[in-house]
Participant: 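Quick one: the structure is below, and I'll ask about it shortly.
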2 protein chains.
Amino acid sequence: MKNPEALTIGKLARHGGVNIMTIRYYERRGLLPAPARTASGYRLYADDAVRRLQFIRQAQLLGFSLSEIQDLLSLRMQPGTTCADIRMRAKEKIAAVEKKIEDLERIKNALTALASACRGKGPTADCPILEALETEHST
Amino acid sequence: MKNPEALTIGKLARHGGVNIMTIRYYERRGLLPAPARTASGYRLYADDAVRRLQFIRQAQLLGFSLSEIQDLLSLRMQPGTTCADIRMRAKEKIAAVEKKIEDLERIKNALTALASACRGKGPTADCPILEALETEHST
DNA sequence: ATAAACCCGGTACCTTGGTATAGAGTCAAC
DNA sequence: GTTGACTCTATACCAAGGTACCGGGTTTAT
């Protein structure tokens, strides 16, 4: 290991704040390219692996699944892909997030209605929340 | 099968709009009590099984996990449990849902900012979305 | 020169909420 | 009296995103 910029898997992991196994997992999934190896088989990563890992982590934080990230990464590689293609993925994700928020709002409203119907006194036999759960009711 | 209110598993499944396997799965998980059996081993459900299945389905729609539903069901059984105990579960769930909504709002805002920074023109090399993903950035 | 720390591949395991398959037995109808 | 629909148990499999273990080899530091 004479190359000063080469990282072993452990260093890359610490750098990126992830587990070593996660890195190997990403490689198996095709999210990280297979790196160079030493004569004894140790993985050696160049600096761009750090950026790549960063990319994956950030995209995950923004709600992209690993498959979607794979898609973004391969889009980026393909010549002919434009900024508009990427932006479309972002817009789709925004729409999906908005839908999820709406679903959760509906759930929250239903739960709030139930909780406020319950005086919080008495035995469970009289609990309006439990009663409501036993009967069909469009959320 | 002489009991007019006894349901085979298939009928219960159709009644509740779930798969037969799902019912057996719920039984294994302890969400549905083990029903009576015919001499040949067929499950025979009474009417309350329909209500129980309903309960599970409704609670799921409100965002409760199967474990939480199990908790609700056993609470209901335990003498001494009050309406307030149930209401507390509902309030906790409301808080969890609110937190999830906040997380998603933050994600949505970050994505929206990225998408609006992207003019949607040019090659991916200049895409501000991809650039942003490669650099640390608190969402 | 030897112990500690690191890395290898392969496989199995975890969570959540189910679904599928196989091989066998049972029930109802014609 | 047999065909077809139904049910049984047990086991395996799915997505998603990892995590853990095992038995071994390697590198580094003292």
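To find a chain, count down the sequence lines: A is the first, B the second, and so on, and within it residues start at 1.
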Participant: With nearest nucleotide decided by heavy atoms, which residue, A/Gly10 or B/Phe64, maps closer to the 5′ end of DNA chain C?
Facilitator: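 Final value for this comparison: A/Gly10.
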
Participant: Kindly say if A/Thr38 contacts the phosphate of D/dT26, meaning a side-chain N or O under 4.0 Å from OP1 or OP2.
Facilitator: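 Answer no for this pair, as no side-chain N or O of A/Thr38 is under 4.0 Å from OP1 or OP2.
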
Participant: Taking only side-chain nitrogens and oxygens of A/Ser40, does any of them come within less than 4.0 Å of OP1 or OP2 of D/dT27?
Facilitator: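 Result: yes.
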
Participant: Starting at atom CE of A/Met21, determine the distance to atom C1' of C/dG9, rounded to an integer number of angstrom.
Facilitator: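 So the CE-C1' distance, A/Met21 to C/dG9, works out to 13 Å.
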
Participant: To the nearest Å, give me how far apart CG (B/Leu7) and C1' (C/dC27) are.
Facilitator: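 That distance rounds to 17 Å.
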
Participant: Round to the nearest Å and state the distance from B/Leu44 atom CG to C/dC27 atom P.
Facilitator: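 Checked: the CG to P distance equals 10 Å.
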
Participant: Does C/dG9 have its OP1 or OP2 closer than 4.0 Å to a side-chain nitrogen or oxygen of A/Arg37?
Facilitator: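 Looking at the OP1 and OP2 atoms of C/dG9, one of them is under 4.0 Å from a side-chain N or O of A/Arg37.
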
Participant: Could you check how far CG of B/Asp71 sits from C1' of C/dT16, rounded to whole Å?
Facilitator: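 Roughly 17 Å, once rounded to whole Å.
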
Participant: Tell me every residue that passes salt bridge (charged side-chain N to carboxylate O under 4.0 Å, His left out) with A/Glu98, counting only those two or more places apart in sequence or in another chain.
Facilitator: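 Only B/Lys108 meet the salt bridge (charged side-chain N to carboxylate O under 4.0 Å, His left out) criterion with A/Glu98.
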
Participant: Measure the distance from CG on A/Asn19 to P on D/dA16 and round it to the nearest whole Å.
Facilitator: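 Going from A/Asn19 (CG) to D/dA16 (P), I get 21 Å.
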
Participant: Return the 5'-most residue of the pair B/Ile20, B/Arg28 with respect to DNA chain D, ranking by each residue's nearest nucleotide.
Facilitator: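 So the residue in question is B/Ile20.
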
Participant: Using a cut-off of less than 4.0 Å, is there contact between a side-chain N or O of B/Thr8 and OP1 or OP2 of D/dC6?
Facilitator: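 Checking D/dC6 against B/Thr8, no side-chain N or O comes under 4.0 Å of OP1 or OP2.
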
Participant: For D/dT19 and A/Thr22 - does any side-chain N or O of the residue sit under 4.0 Å from the phosphate oxygens OP1/OP2?
Facilitator: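 Yes, within the criterion.
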
Participant: When the distance from CD1 of A/Ile23 to P of D/dG17 is rounded to whole Å, what number comes out?
Facilitator: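 From A/Ile23 CD1 to D/dG17 P: 17 Å.
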
Participant: According to a strict under-4.0 Å criterion, is B/Gln60 in side-chain N/O contact with OP1 or OP2 of C/dG18?
Facilitator: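 Yes, because at least one side-chain N or O of B/Gln60 sits under 4.0 Å from OP1 or OP2 of C/dG18.
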
Participant: How many Å lie between CZ on A/Arg57 and C1' on D/dG17, as a whole number?
Facilitator: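 Roughly 15 Å, once rounded to whole Å.
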
Participant: Would you say the side chain of B/Phe55 lies within less than 4.5 Å of the side chain of B/Leu72, judging by non-hydrogen atoms?
Facilitator: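 Answer yes - side chains close enough.
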
Participant: Which atom pair, heavy atoms only, marks the closest approach of A/Ile69 to A/Ile56?
Facilitator: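 For A/Ile69 and A/Ile56, the tightest heavy-atom pair comes out as CD1-O, 3.6 Å.
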
Participant: When you measure from the side chain of A/Thr38 to the backbone of A/Gly41, do you find a donor-acceptor pair of N or O atoms at a distance under 3.5 Å?
Facilitator: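 Answer holds: yes.
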
Participant: Rounded off to whole Å, could you give me the CD1-to-P distance for the A/Ile9 and D/dT26 pair?
Facilitator: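 Those two atoms, CD1 and P, are 17 Å apart.
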
Participant: So, is B/Tyr42 near the phosphate of C/dG25, with a side-chain N or O under 4.0 Å from OP1 or OP2?
Facilitator: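 For C/dG25, OP1/OP2 do not have a side-chain N/O of B/Tyr42 under 4.0 Å.
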
Participant: Taking side-chain hydrogen bond (donor to acceptor under 3.5 Å, both in side chains) as the definition, give me every residue that meets it alongside A/Arg87, ordered by chain and number, with sequence neighbours left out.
Facilitator: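 With neighbours one apart ignored, the set is empty.
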
Participant: For DNA chain D, whose closest nucleotide is more 5', that of B/Arg43 or that of A/Tyr25?
Facilitator: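 Of the two residues, B/Arg43 wins.
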
